[in-house]
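The structure under discussion appears below in the form of structure tokens.
Remember, it's a predicted structure, so these values are computed and weren't measured experimentally.
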Amino acid sequence: MFDHAYGSYMKHAYPADELMPLSCKGRVRGQEPNRGDIDDSLGKFSLTLIDTLDTLVVLNKLEEFEEAVRKAVSDVRFDNDVVVSVFETNIRVLGGLLGGHVMADLLKQRGEKMQWYHDELLHMAVELGHRLLPAFNTTSGLPFPKVNLRYGIVNPLSRTGTESDTCTACAGTMILEFAALSRLSGESVFEEHARKALDVLWERRQKGSDLVGTVINIHNGEWVRRESGVGAGIDSYYEYLMKAYILLGDHVFLQRFNTHYSAIMKYISQPPLLLNVHMHNPTVGVRSWMDSLLAFFPGLQVLRGDLKPAIETHEMLYQVTKQHKFLPEAFTTEFRVHWGQHLLRPEFAESTYYLYKATGDPYYLRVGQSIVEKLNTYARVPCGFAAVQDVRTGTHEDRYMETLFPNNPSFAKTIRDGYKYLTGVGRALHSLPEQKGVYRVRIVAEVGATPEEEAVVPHVVQLISPPFLGFVCLSPYTACGPVDNAAELKGRIALVLRGDCMFAAKARWLQQTGAIGVIFIDHREGSNSDETPLFQMVGDGDSTEDITLPLVFLFSREGAVLTAALEEHHNVDVLLLPKERQLGYDKMEEPISMNIKLLLTQEGEMEEISAGGPTLQFVLENEEVFSKEELIGSEQQDGRTQPCSADSSQSLNSNAGPET
């Protein structure tokens, strides 16, 4: 699998930053359509080559490693006029250079390979570190989220430095690489800046709950988004606190991590779920879905030695992957798809590895096997591995401490079994126990309207012209940059094609024109609302509070109806509303749900339970099973329950009324 992916990159993409596995070519910043902030990881520095250096040594590909280091030293340059993500460049490029340097130094000391090496990768890492340092020039000490590799922040040519916010993980995921760079180079400035950023986040935690928010102002340290969890926006802040203690031995990091961890387990952890809460009022949940980035957390819990909740959450995640083949980018508490993408993220595999090393349970080897088999079956393409655009359809995207643990492989199974059929898939039928006796099962039925799901509500765009009440401007654009005919769009609804960049990037460009709304039309031919899974348009990772423009998405087939109407009539009026409320359609009835609770009791115990509804009595024999319905509470003598006669049972059924 590695040879297929790395070989495809070197053959089709190098020296580009990334391989486009469907197009079989490299993705070069500025040469491909802009994808918004997602492209900020690309810096024209052969990202994939550097990110892969240490993996070559782990896989014992020492000849390839030596050749890759030679290429990096001779070809890669950092004096590029390009704006990059400080976070991504740190963890992938700076981290890749440091990992490669440590490996090269190790091989050189063994005397077998790399005898020509004289710390070239470390010198490159120091240069890159200095190019990232201008991002830390803020009043708070929290770094800017982006920096220009050539011009820094304040230079008029930098095209950045206007941002006021950053995510907690973005600011709190610097210490491992920056501290390692300082220790290896002797320049303390890197570790000092990373520590300062962590100090600010620690001081800005909510003192009552010990939780942090998701987005923070880099100038005054005020929280911009106050929801707290362990997924996107916060995840690696917690991870780096724990691993900074492991790497550096500084107990301050462990103490901070333990304080946060106690708060997480008190407010966010609802085994097996991990749900976001409000940092100032942590008893209030803020959403009923989880994102896939939290899959790292069971592994972090294993590092801390808290095995039981790690097993519980991991098993929940595994059940979701079995249901959808991959872990969706986000899923609801009912384990339905919330966002359908799967971007080949490694967090779930990492947690699986930690659990196997901690428990020795071969179950986790089988989980690992299923991960690689699904990658090979559903993500492998001729030029590498492609991200999955929607786990429901399988379409692809062109992107790419021992004493703490029980030495007993069966330990984890006792915890997992309670979550085996969490998602309702693959539920087994249990045989009845072979013993004589009478058991009574009390059934409590709670009937009510099905609660609203966090899933996407189907909406339609319905043409209601004539008369004309508004205006739509025809001319589909990509809108991934400055809009040419901005004057025409002012006060009108823009019609835009999906693709080439994020929805949020398009919305910001169109909002600048003075447009009053946007209708996106899917660029994938043939997609339609009847057959294509619904999804939600998502942001670009940054706060989207600045986007006030109403946004609507239409699949290709429905979009064609709208564009055809526009071509014929030039101006049409449209109405956006839930699908079941379309004009001319009767309102659909609310579905009814029923929750049934079962309670198993020994004979004679039933009288101790307050009666109040119909029950079923099961009499279990070795050879056969039969049931007899009885009504608890309707016929009692001397406090003892008497079974209903056959006649009374029939009478109950035939006279079923509202009370029944």
Task: E239 (side chain) donor-acceptor with Y237 (main chain) under 3.5 angstrom - done: no

- [ ] Supply the atom-to-atom distance F2 CZ to L59 CG, rounded to the nearest 0.5 angstrom.
- [x] 5.5 Å

Task: Heavy-atom closest contact (E127 atom, D79 atom, distance) - done: OE2-N, 4.4 Å

Open item on the list: Do Y14 and K71 make a side-chain contact, defined as non-hydrogen atoms from C-beta onward lying under 4.5 Å apart?
Closed with: yes

Open item on the list: Does the plane of the ring in F144 sit parallel, tilted or perpendicular to the ring in H219? Use 30° and 60° as the thresholds.
Closed with: perpendicular

- [ ] Flag the pair F87 / M174 as yes when at least one side-chain heavy-atom distance between them is below 4.5 Å, and no otherwise.
- [x] no

TODO: Among T160, T89, D37, find the one that has a side chain to side chain donor-acceptor pair (under 3.5 Å) with K146.
DONE: D37

Task: Among R256, R204, R205, the one residue meeting salt bridge (charged side-chain N to carboxylate O under 4.0 Å, His left out) with D199 - done: R256

Open item on the list: Check for me whether the distance between the ring centres of H260 and W202 falls short of 6.0 Å.
Closed with: yes

Task: side chain to side chain donor-acceptor pair (under 3.5 Å) involving S74 - partner list, sequence neighbours excluded - done: none

- [ ] State yes or no: are the ring centers of H193 and F178 separated by less than 6.0 Å?
- [x] no

- [ ] Give a yes or no on whether a salt bridge exists between R195 and D250, defined as a side-chain N under 4.0 angstrom from a carboxylate O.
- [x] yes

- [ ] Kindly indicate whether the side chain of L62, heavy atoms from C-beta on, has any atom under 4.5 Å from the side chain of M114.
- [x] no

Open item on the list: Checking the side chain of E203 only, and the main-chain atoms of L201 only, is there a donor and an acceptor separated by less than 3.5 Å?
Closed with: no

- [ ] Return the minimal non-hydrogen interatomic distance between V230 and F297, and the atom names on each side.
- [x] CG1-CE1, 3.9 Å

TODO: Without swapping roles, check the side chain of R27 against the backbone of E18 for a donor-acceptor pair under 3.5 Å.
DONE: no

Open item on the list: Could you walk me through whether F520 and L497 satisfy the side chain to side chain contact (heavy atoms under 4.5 Å, CB included) test, starting with their C-alpha distance in whole Å, then the side-chain angles of each, then the deciding distance to 0.1 Å, before giving a yes or no?
Closed with: CA-CA 6 Å; F520 295 108; L497 285 178; over 6 Å; no

Task: Taking every non-hydrogen atom, the tightest pair across D17 and S46 - done: OD1-N, 3.0 Å

Open item on the list: I want to check something: taking the side chain as every heavy atom from C-beta on, are C170 and P145 in contact at a cut-off of under 4.5 Å?
Closed with: no

Task: Y240: ring pair (Phe, Tyr, Trp, His ring centres under 6.0 Å) partners, not counting sequence neighbours - done: none

- [ ] Side-chain contact test, heavy atoms from C-beta onward, threshold under 4.5 Å: evaluate it for D105 versus L107 and give yes or no.
- [x] no

TODO: Go through the side-chain N and O atoms of Q301 and Y261 and say whether any donor and acceptor fall under 3.5 Å apart.
DONE: yes

Open item on the list: Any side-chain to backbone donor/acceptor pair from T513 onto L510? Under 3.5 Å, distance only.
Closed with: yes

TODO: Determine, for D39 against R29, whether the closest basic-nitrogen to carboxylate-oxygen distance falls under 4.0 angstrom.
DONE: no

Open item on the list: Let me confirm one number: the CZ-CD distance from R508 to Q511, rounded to the nearest 0.5 Å.
Closed with: 8.5 Å

Open item on the list: Return the CD to CZ distance between E191 and R183, rounded to the nearest 0.5 Å.
Closed with: 4.0 Å

TODO: Report yes or no: do D210 and Q206 form a side-chain donor-acceptor pair below 3.5 Å?
DONE: no

Task: Non-hydrogen atoms of Q389 and R498 that approach each other most closely - done: NE2-NH2, 4.3 Å

Task: Nearest-0.5 Å distance that lies between atom CG in L303 and atom CZ in F257 - done: 8.0 Å

Open item on the list: Using the side-chain contact (heavy atoms from CB on, under 4.5 Å) definition, which of the options H12, M10, K11 pairs with L19?
Closed with: H12

TODO: Indicate whether any N or O donor in one side chain lies under 3.5 Å from an N or O acceptor in the other, for N155 and N148.
DONE: no

TODO: Decide side chain to side chain contact (heavy atoms under 4.5 Å, CB included) for V93 and F78; before the verdict, give the C-alpha distance in whole Å, the side-chain angles of both, and the deciding distance to 0.1 Å.
DONE: CA-CA 10 Å; V93 187; F78 296 125; 4.0 Å; yes

TODO: For V212 and Y238, run side chain to side chain contact (heavy atoms under 4.5 Å, CB included): C-alpha distance rounded to whole Å, both residues' side-chain angles, the deciding distance at 0.1 Å, then the answer.
DONE: CA-CA 10 Å; V212 293; Y238 294 133; 3.5 Å; yes

Open item on the list: Could you measure the distance from the CG atom of N90 to the CG atom of L176? Nearest 0.5 Å is fine.
Closed with: 8.5 Å

Open item on the list: Just by distance, no angles: are the side chains of S23 and D398 close enough, under 3.5 Å, to form a donor-acceptor pair?
Closed with: yes

Task: Heavy-atom side-chain proximity of L47 to R92 below 4.5 angstrom - done: yes

Task: Minimal non-hydrogen separation, I218 against E163, with atom names - done: CD1-O, 3.6 Å

Open item on the list: Hydrogens and angles aside, do E227 and N276 bring a side-chain donor and acceptor to less than 3.5 Å of each other?
Closed with: yes

Task: Backbone of G43 reached by a side-chain donor or acceptor of N80 within 3.5 Å - done: yes

TODO: If the plane angle is over 60° it's perpendicular, under 30° parallel, otherwise tilted; pick one for W289 and W339.
DONE: tilted

TODO: Side-chain contact test, heavy atoms from C-beta onward, threshold under 4.5 Å: evaluate it for V126 versus E187 and give yes or no.
DONE: yes

Open item on the list: Under a 4.0 Å threshold between the charged nitrogen and the carboxylate oxygen, would K108 count as salt-bridged to D119?
Closed with: no

TODO: Over 60° means perpendicular and under 30° means parallel, so classify the ring planes of F553 and F503, tilted if in between.
DONE: perpendicular

Open item on the list: Under 3.5 Å, is there a donor on one side chain and an acceptor on the other for S292 and E329?
Closed with: yes

- [ ] Answer yes when D165 and R225 have at least one side-chain N-carboxylate O distance shorter than 4.0 Å, and no when they do not.
- [x] no

Task: T55 OG1 to D51 CG distance, which is reported to the nearest 0.5 Å - done: 7.0 Å

Task: Exercise: identify the closest heavy-atom pair between Y117 and L122 - done: OH-N, 3.7 Å

- [ ] For side chain to side chain contact (heavy atoms under 4.5 Å, CB included), just list the numbers for E88 and D40, CA-CA rounded to whole Å, side-chain angles, deciding distance to a tenth of an Å, and then say yes or no.
- [x] CA-CA 8 Å; E88 292 285 352; D40 289 341; over 6 Å; no

Task: Residue pair L22 / V381, side-chain heavy-atom distance below 4.5 Å - done: yes

- [ ] Return yes when atom OH of Y353 has more than 12 non-hydrogen atoms of other residues, nucleotides or ligands closer than 6.0 Å, and no otherwise.
- [x] no

